[in-house]
J.: 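Please read through the structure below; I'll follow up with questions.
Numbering starts at 1 and runs along the sequence shown.
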Amino acid sequence: MSDFLANGYLWFKAFHIISVIAWMAGLFYLPRLFVYHVEQVGQSGTTHEMFQTMERRLLRAIMNPAMIATWVFGLCLVFTPGIVDWGSFWPWSKAGAVLGMTWFHHWLGRRRKDFISGENVLTGRQYRMMNEVPTILMVVIVFSVVLKF
């Protein structure tokens, strides 16, 4: 197994980066859709239905597969022998931030269900504030991996 991981390392790394970019795009865009949904659309009508369709497709067709691919290729990288020094702090800070990013992804999924059931209680301002969460986590991840602190 370690030969497979070592031989495919650069491929896994490339696919990991691609999937992270797709996932991050969704994590930035879905809360922004929620802002517009709350502030401009409301909870009924054809525009409401269109927003629900856009939110569903973004989550299911882009974000979910990208998150899964990010995890799969990331784990391939982590388990490649000699890549991660588990005695350092950086893999743990990255892991914590990735878990936070995954939590945020699922939090967004729950908020989408609130829109479906007509039970959304958050304001556009609250969604704007939550939209900063993936940015902060991304900074932690990038600094952890690049600077290896």
J.: Rounded to the nearest 0.5 Å, how far does CE of M129 lie from CG of L122?
T.: 10.5 Å
J.: Can you list, pair by pair, the side-chain donor-acceptor contacts under 3.5 Å of residues 112-119, counting residues two or more places apart and other chains?
T.:
residue	atom	partner	partner atom	Å
D114	OD2	R111	NE	2.9
D114	OD2	R111	NH2	3.2
S117	OG	K113	O	3.2
S117	OG	D114	O	3.3

J.: Tell me whether the count of non-hydrogen atoms from other residues, nucleotides or ligands lying under 6.0 Å of CZ in R57 goes above 12.
T.: no
J.: To the nearest 0.5 Å, how far apart are OG in S93 and CG in L147?
T.: 10.0 Å
J.: How long is the gap from CH2 on W90 to NZ on K94, to the nearest 0.5 Å?
T.: 6.5 Å
J.: Mind listing the side-chain donor-acceptor pairs of residues 58-74 below 3.5 Å, one per line with the distance, residues two or more places apart or on another chain?
T.:
residue	atom	partner	partner atom	Å
N64	OD1	H105	NE2	2.6
T70	OG1	S19	O	3.3
T70	OG1	S19	OG	3.3
T70	OG1	V20	N	3.4
T70	OG1	A66	O	2.7
W71	NE1	T102	OG1	3.0

J.: Check whether the ring centres of F4 and F79 lie less than 6.0 Å apart, and answer yes or no.
T.: no
J.: What's the separation between atom CD in E39 and atom CZ in R128, rounded to the nearest 0.5 Å?
T.: 4.0 Å
J.: Inspect the surroundings of OH in Y29 and state if more than 12 heavy atoms from other residues, nucleotides or ligands are less than 6.0 Å away.
T.: no
J.: For W11, is the CH2 atom crowded, meaning more than 12 foreign heavy atoms sit under 6.0 Å from it?
T.: no
J.: So which heavy atom on F34 is nearest to which on Y127, and how close?
T.: CD1-CE2, 3.6 Å
J.: Find out whether M130 and Q126 are in side-chain contact, i.e. whether some heavy atom of one side chain is under 4.5 Å from a heavy atom of the other.
T.: no
J.: Would you confirm whether T80, through its side chain, and I83, through its main-chain N or O, come within 3.5 Å as a donor-acceptor pair?
T.: no
